[in-house]
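As C-alpha cells, the structure follows; a few thoughts come after it.
Residue numbers begin at 1 in each chain, while the letters A, B, ... track the order of the sequences.
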Amino acid sequence: MLNLKFIQENPEMVIERLAVKRFDARVIVEKVIELYKRRNEAQNEAETEKAEMNRLSKEIGQLFKDGKTSEANSAKEQTVRLKEQIKSLENEFDTIDAELAQLQVLLPNLPSSLVPIGRGAEDNLIVVTGGVMPVLHEGAKPHWDLAAQYNLIDFELGVKITGAGFPVYKGYGARIQRALINFFLDQARKHGYNEVQPPYVVNEASGFGTGQLPDKEDQMYHCGLDNLYLIPTAEVPVTNIFRDVIVEAKDLPIKTTAYSACFRREAGSYGKDVRGLNRLHQFDKVEVVQIAHPDKSYDSLNEMVAYVQTLVEMLGLPYRILRLCGGDMGFTSALTYDFEVWSAAQERWLEVSSVSNFESFQATRLKLRFREEGRSKPQIAHTLNGSALALPRIVAAIYENYQTPEGIVVPKVLVPYMGGCEIIN
RNA sequence: GGAGAGAUGGCAGAGUGGUCGAUUGCGGCGGUCUUGAAAACCGUUGUACCGCGAGGUACCGGGGGUUCGAAUCCCUCUCUCUCCGCCA
C-alpha cells in the first residue's frame, strides 16, 4: 500500500500515475489528505494532554510519598477532566485512523514510468520474441487429447474425487510434473536462489501482507473453521517470511525460491480458457522471490526476467515477453513482465509466468525494512517475484509442440529427470 | 482431544502498583591496549508516530478494564511450550 505521508505530499502525482492504471484516485486522495490532517490534530492534542496527565501523576505520587494526602487528593480531582478529554481525543484519533486504513488499501500501487498506456491485454507491449515455432504433423492434437491418448492426465477422475480443475496426473504424466519441478528448483538454486518449503495454508496477516486480502478473498479457498487460506501462489508464504523483519543492507538482494501447489477458486472463468490444463483450481509452480534495495530493484527485475527466459529457452518453447500496460497490470505491481509460450495445437499463446516489481507496496504492508551501514533509520525495502515457472501450461505446450506420430518427445533437459525416457508413447 | 505452564528488547533472563523503555548477561557497534588479533577494560546499542527544534507520545503477545498512576492487578482473545491420548 502507499504510504500516507507520501500521498499527502504528492497528491497530484499519485492521481496522475494511477490514471495510467485507469484508476480514478482523486476522491480517495482528497479524503486521505483531509483525514490525515484531522488525525494529526487529534494526535497532537491528545499527546499534549497525556503529557500533562503524566506530569500530574508523578506529582501525586510524590505528594502521597511526602504524606501530603489532602494536596494529593485535590490534585486527583484535576485528573478527572483530563482523563475525559484524553479519552475523547483518542476515540477521535482511532476513528479517523480506521477510516484512513480503509481508504489506504483501496489505492493500487503506482505504475512505473515504463508502463505502457493501455486498456487491456491487446495493449501490452511485446518486448522480446524467441524460440522456433514448431510445424506439427498431420492430425496433431491438443494436449487434452494427447493426455488421454497416452494416459497422462485423467480429468474425469479429478472431477469424481474433487471437481473440475483438479486433474489426476498418471504415469509419465505424473513423472513429467515431478521432473519439471526438480528441473526448475535446480536451475533456481544455480542462479543463487535459496530453496525453502513453505506452508500451503496461510493466516489473514499473511494474506494482507502480500495484498490478497482484504479485497480478493473470493479468489482463495478458505478454511473457515481455522480462518486460514490455501495459498494461490508461493509468493504469499515466501514473501511473508520477511514480514516484520529488518534486514541488513549488505545482505540484499535476498533471493528465495519455493515449489508449491497453488490453489485458486477462479470464480467467473469459463469457456475455452478452462479446457484441459489451461486453467486449473490446483496446479504446481516454482516461484522466485527477491527482497531488494530500492536503488537496485529494477536490476533485480531485469535479472529475474532474464532468468525466466533461460528456462523457456532450455525447454525449447517458442515464447514472447510482454510488458503489461496500465490497464492489464495487477493491483500491487509497479511493473510486470508476462511470459507466454506458444501452444501449437491450440494455436494460442499461454501465459506461463508473471514477473513483477512491487517496489515498496508490499513491503509497506509487511513492514519489511532494511538497515544501511551506520546509524541511519531502517527504510522500506522493495519486493519482487516471478513464476519460474507455472507447470500446467508449460506441460500443455510441451505435449502439443513436441508431439510426433510416434509419441511425445521429452525435451532434452528433462530426460535426466525422467529416468532417461526420451519419448512418451 | 484432556491437563498444566507460559508470552518482557537481536538472544538469554530479572522485574508483582510510581523515579521502568525497563536490572543483568550474551551478541552487535565504537574506543583503550596490541605489530595485528584475542583477552581485559571503558562507552554505546529497540521501533513507530508527532514536532523546524528543544522535546513529546506510544509500545513488555492482541484487545478491554481497575487506578491519579499498570510490564506488574482483573477480564478476554490469540499463540507457544510440557505431559497424557491419538496419529503421519
Side-chain angles (χ1 to χ4, degrees), chain A residues 1-9 32-101 103-104 197 199-209 213-214 222-229 237 240-252 254 261 291 360 363-381:
Chain A
M1 66 195 168
L2 301 178
N3 181 280
L4 289 176
K5 198 178 225 171
F6 176 83
I7 297 170
Q8 193 231 5
E9 284 166 357
V32 164
I33 289 170
E34 183 206 325
L35 291 176
Y36 188 80
K37 186 162 166 265
R38 280 175 48 207
R39 190 187 66 167
N40 274 5
E41 286 164 4
Q43 182 178 357
N44 278 325
E45 281 181 57
E47 288 186 358
T48 307
E49 311 259 286
K50 275 196 237 177
E52 173 65 9
M53 187 73 174
N54 288 341
R55 197 190 59 74
L56 259 179
S57 292
K58 270 186 188 155
E59 201 176 294
I60 291 167
Q62 191 57 47
L63 287 171
F64 274 123
K65 211 171 190 178
D66 295 345
K68 301 175 181 168
T69 314
S70 65
E71 286 179 52
N73 282 327
S74 74
K76 272 165 83 164
E77 284 166 29
Q78 287 182 58
T79 65
V80 176
R81 194 178 151 72
L82 259 182
K83 264 171 102 169
E84 279 171 15
Q85 285 174 336
I86 290 169
K87 184 115 189 156
S88 114
L89 284 164
E90 277 182 335
N91 282 342
E92 190 186 347
F93 177 90
D94 289 344
T95 307
I96 301 171
D97 197 53
E99 283 179 59
L100 273 171
L103 289 174
Q104 202 177 5
Q197 220 179 64
Y200 292 178
V201 183
V202 294
N203 57 29
E204 271 188 317
S206 293
F208 178 80
L213 298 175
H222 183 231
C223 310
L225 215 51
D226 299 294
N227 197 24
L228 297 171
Y229 295 86
N240 272 281
I241 290 171
F242 302 96
R243 172 153 49 86
D244 293 317
V245 166
I246 302 176
V247 300
E248 297 293 328
K250 66 175 166 52
D251 295 331
L252 299 174
I254 299 171
I291 313 299
S360 59
T364 300
R365 289 178 160 216
L366 295 159
K367 295 189 177 65
L368 162 54
R369 290 161 293 175
F370 70 97
R371 202 192 305 274
E372 208 93 56
E373 296 287 327
R375 14 178 129 140
S376 58
K377 291 185 61 172
Q379 305 169 58
I380 298 290

RNA chain B base-pair string [pairs: Watson-Crick or G-U under 3.5 Å; |: paired with another strand]: ((((((((.[[[..)..(.....]]]((((((.......))))))(((((....))))).[[[[[..)....]]]]])))))))....

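Rounded to whole Å, the C1' atom of G27(B) lies 8 Å from the corresponding atom of G10(B). Nucleotides C42(B) and C33(B) place their C1' atoms 11 Å apart, quoted to the nearest Å. Taking atom C1' in both C49(B) and U67(B), one finds a spacing of 27 Å when rounded to whole Å. Rounded to the nearest Å, the gap between the C1' atom of A88(B) and that of U8(B) is 37 Å. G61(B) and A14(B) have their P atoms separated by 15 Å, given to the nearest Å. On the P atoms, C81(B) is 25 Å away from C75(B), given to the nearest whole Å. For the P atoms, the distance linking C87(B) with G4(B) amounts to 24 Å, nearest Å. Only the C1' atoms considered, U23(B) is 13 Å distant from G9(B), to the nearest whole Å.
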Output one line per pair: protein atom, nucleotide atom from nucleotides 20-23 of chain B, and distance, for all N/O pairs under 3.5 Å.
none

Between the protein and nucleotides 10-12 of chain B, list every N/O to N/O distance that falls short of 3.5 Å.
none

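Looking at residues two or more places apart in sequence or on another chain, you find a side-chain contact (heavy atoms from CB on, under 4.5 Å) between Ser360(A) and Thr364(A), Ile380(A), His382(A). Every residue meeting the salt bridge (charged side-chain N to carboxylate O under 4.0 Å, His left out) condition with Arg39(A), not counting sequence neighbours, appears here in chain and number order: Asp97(A). Residues meeting the salt bridge (charged side-chain N to carboxylate O under 4.0 Å, His left out) test with Asp244(A), sequence neighbours left out: none. With sequence neighbours left out, Glu41(A) forms a salt bridge (charged side-chain N to carboxylate O under 4.0 Å, His left out) with Lys37(A). Judged as a side-chain contact (heavy atoms from CB on, under 4.5 Å), and not counting sequence neighbours, the contacts of Gln62(A) are Lys65(A), Asp66(A). Considering only residues two or more places apart in sequence or on other chains, Asp251(A) meets the side chain to side chain donor-acceptor pair (under 3.5 Å) condition with none of them.
Put simply, CD on Gln8(A) is 14 Å from C1' on C49(B), counting in whole angstrom units. As a whole-Å value, the separation of Ile380(A) CD1 from A48(B) C1' is 11 Å. Distance, Arg81(A) CZ to C68(B) P: 18 Å, rounded to whole Å. Rounded to whole angstrom, the span from the CD atom of Gln104(A) across to the P atom of C49(B) amounts to 12 Å. Taking atom CZ of residue Arg39(A) and atom P of nucleotide C50(B), one finds them 7 Å apart after rounding to whole Å. Residue Asn44(A) contributes atom CG, which lies 10 Å from atom C1' of C49(B) at whole-angstrom precision. Rounded to an integer number of Å, the gap from Gln85(A) CD to C68(B) C1' is 15 Å. Between the CD1 atom of Ile96(A) and the C1' atom of C49(B) there is a distance of 15 Å, rounded to whole Å.
In plain terms, the two heavy atoms of Ala381(A) and Ala363(A) that are nearest each other are O-CB, 3.1 Å. Shortest non-hydrogen contact noted between Ile291(A) and Leu252(A) is O-CD2, 3.5 Å. Scanning all heavy atoms of the two residues, the minimum distance from Phe64(A) to Asn73(A) falls at CZ-OD1, 4.0 Å. Between Phe370(A) and Ala249(A) the shortest heavy-atom distance is CD1-CB, 3.8 Å.
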Listing, residues 74-85 of chain A side-chain donor-acceptor contacts under 3.5 Å, not counting sequence neighbours, or none:
residue: Ser74(A); atom: OG; partner: Glu71(A); partner atom: O; Å: 2.9
residue: Thr79(A); atom: OG1; partner: Lys76(A); partner atom: O; Å: 2.5

Which pairs would a plain distance check flag for residues 45-52 of chain A, meaning a side-chain donor or acceptor within less than 3.5 Å of a matching protein atom at least two apart in sequence or in another chain?
residue: Glu47(A); atom: OE2; partner: Gln43(A); partner atom: NE2; Å: 3.2
residue: Thr48(A); atom: OG1; partner: Asn44(A); partner atom: O; Å: 2.7
residue: Lys50(A); atom: NZ; partner: Glu90(A); partner atom: OE2; Å: 2.8
residue: Glu52(A); atom: OE1; partner: Arg55(A); partner atom: NE; Å: 3.3
residue: Glu52(A); atom: OE2; partner: Arg55(A); partner atom: NH2; Å: 3.0

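Nucleic acid contact for Lys87(A): sugar-phosphate only, since backbone atoms but no base atoms lie under 4.0 Å from a heavy atom of the residue. Within 4.0 Å (heavy atoms only), Tyr36(A) reaches sugar-phosphate atoms of the nucleic acid but no base atom. Counting any heavy atom pair closer than 4.0 Å across all strands shown, Thr79(A) reaches sugar-phosphate atoms only and no base atom.
At the phosphate of C50(B), OP1 or OP2 sits under 4.0 Å from a side-chain N or O atom of Lys5(A).
Here the side chain of Gln104(A) pairs no donor or acceptor atom with the backbone of Asn3(A) at under 3.5 angstrom.
Residue Ile246(A) is the one, among Ile246(A) and Asn40(A), whose nearest nucleotide of RNA chain B lies closer to the 5' end (criterion: closest heavy atom). Nearest-nucleotide mapping onto RNA chain B: of Lys83(A) and Pro378(A), the residue sitting toward the 5' end is Pro378(A).
In this structure, Tyr229(A) and Leu213(A) have side chains that are in contact, with non-hydrogen atoms separated by less than 4.5 Å. Contact of the Asn227(A) side chain with the His222(A) side chain is registered, since non-hydrogen atoms from C-beta on lie closer than 4.5 Å.
Relative to the side chain of Arg371(A), the nucleotides G69(B), G46(B), C50(B) differ in distance, and G46(B) lies closest. Comparing G65(B), G18(B), U47(B) by their nearest atom to the side chain of Arg369(A) picks out U47(B).
Under the 3.5 Å distance criterion, with hydrogens and angles disregarded, a donor-acceptor pair is assigned to the side chains of Asn203(A) and Ser206(A).
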Using a 4.0 Å heavy-atom cut-off to protein, can you give one letter per nucleotide of nucleotides 54-59 of chain B, 5' to 3': B if the base is in contact, S if only the sugar-phosphate is, - if neither? --BBS-

